[in-house]
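Along the sequence shown, the residues carry numbers beginning at 1.
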Amino acid sequence: MADAMYTGFGIKLHWGPPPQDTAIGFSERAFNRWQRHLPLGTRMLLYSTSKMGGTKEIHAEVEVTGPFADVQAIHPHNEEHPRMLPIRHVNACRNVKPVCLKRVREILGDPKWPRQGVS
């Protein structure tokens with residue numbers, strides 16, 4: 001998700017296998033950067049990084065269903081991503097063909113995507 005190109009849609013990087021929950025975690029840094037740019041209805045493609053058993057592919061589409069404040073009581077999945085944002089799965093991994101890293105880079109026209117610390 002790039003600040004200058006915010007369109008109501010973005011790619012959310014996450015660790016590990018596809019989340020099946022109704023919330024997804026953000027780091028403090030990502031929360032500070034994106035908290036005002038993820039209104040109700042924002043759609044995100046979920047890209048699983050290789051960290052913690054991830055698959056290096058886009059595997060789902062989710063939609064924001066509320067602000068960060070609505071899920072402060074939810075226990076985060078890991079300490080590095082304590083800020084939870086409520087979501088609903090629009091197209092879950094079982095319903096879509098994953099998009100591999102090579103193809104994502106081709107579509108974005110960015111051979112070095114994803115970049116460390118950037119969603």
Side-chain angles (χ1 to χ4, degrees):
M1 297 181 285
D3 287 305
M5 298 179 58
Y6 176 71
T7 62
F9 213 110
I11 299 174
K12 169 69 172 102
L13 307 179
H14 72 91
W15 295 353
Q20 302 300 317
D21 300 334
T22 57
I24 193 163
F26 281 71
S27 67
E28 285 296 326
R29 180 177 171 186
F31 168 76
N32 289 331
R33 182 173 183 183
W34 294 108
Q35 66 178 321
R36 291 179 293 282
H37 301 285
L38 298 173
L40 183 70
T42 298
R43 296 234 175 144
M44 295 181 277
L45 299 173
L46 298 184
Y47 177 85
S48 176
T49 68
S50 58
K51 193 164 186 171
M52 296 178 73
T55 56
K56 296 176 105 175
E57 62 191 12
I58 290 176
H59 52 73
E61 177 185 0
V62 298
E63 181 177 40
V64 175
T65 60
F68 283 95
D70 284 353
V71 290
Q72 287 181 345
I74 294 175
H75 189 273
H77 296 165
N78 62 61
E79 293 177 9
E80 291 86 2
H81 298 99
R83 299 295 193 137
M84 302 301 286
L85 182 68
I87 59 168
R88 81 172 177 88
H89 289 263
V90 176
N91 286 301
C93 57
R94 65 184 176 277
N95 300 330
V96 298
K97 180 179 177 187
V99 181
C100 70
L101 175 59
K102 179 181 176 187
R103 183 66 183 129
V104 173
R105 287 176 171 169
E106 289 172 357
I107 292 167
L108 295 176
D110 184 352
K112 295 185 179 183
W113 187 90
R115 293 174 181 2
Q116 180 77 20
V118 178
S119 283

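In this structure, the side chains of H59 and H14 come closer than 4.5 Å at one or more pairs of heavy atoms. The shortest distance between side-chain heavy atoms of V90 and R43 falls below 4.5 Å. L46 places a side-chain heavy atom less than 4.5 Å from the side chain of I24. When side chains are defined from C-beta on, I87 counts as touching M44, because their heavy atoms get closer than 4.5 Å.
The distance from atom CD1 of I107 to atom CD1 of I58, rounded to the nearest 0.5 Å, is 7.0 Å. Interatomic distance, CG of L13 versus CH2 of W113, reported as 5.0 Å (0.5 Å rounding). Atom CD of E57 is separated from atom NZ of K102 by 15.0 Å, given to the nearest 0.5 angstrom.
A donor-acceptor contact shorter than 3.5 Å links the side chain of S48 to the backbone of T55.
Contact between M84 and G25 at its shortest, heavy atoms only, is SD-CA, 3.5 Å. Across L38 and V64, no two heavy atoms sit closer than the pair O-CG1, 3.6 Å. Taking each heavy atom of P114 and R105 in turn, the nearest pair found is CD-NH2, 4.3 Å. Scanning both residues, S27 and R83, for their nearest heavy atoms gives O-CG, 4.5 Å.
The side-chain hydrogen bond (donor to acceptor under 3.5 Å, both in side chains) check on R88 picks up E63, with sequence neighbours excluded. Listed by chain and residue number, R103 satisfy the side-chain hydrogen bond (donor to acceptor under 3.5 Å, both in side chains) test with E106 (two or more places apart in sequence, or in another chain). Partners of N32 under the side-chain hydrogen bond (donor to acceptor under 3.5 Å, both in side chains) rule, at least two apart in sequence or in another chain, do not exist in this structure.
Centroid-to-centroid, the aromatic rings of F68 and W34 stay 6.0 Å apart or farther.
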What's the verdict on side chain to side chain contact (heavy atoms under 4.5 Å, CB included) for L85 and Q35, showing C-alpha distance, side-chain angles and the deciding distance? CA-CA 9 Å; L85 182 68; Q35 66 178 321; over 6 Å; no
Carefully, step by step, assess Y47 and V99 under the rule side chain to side chain contact (heavy atoms under 4.5 Å, CB included). CA-CA 9 Å; Y47 177 85; V99 181; over 6 Å; no
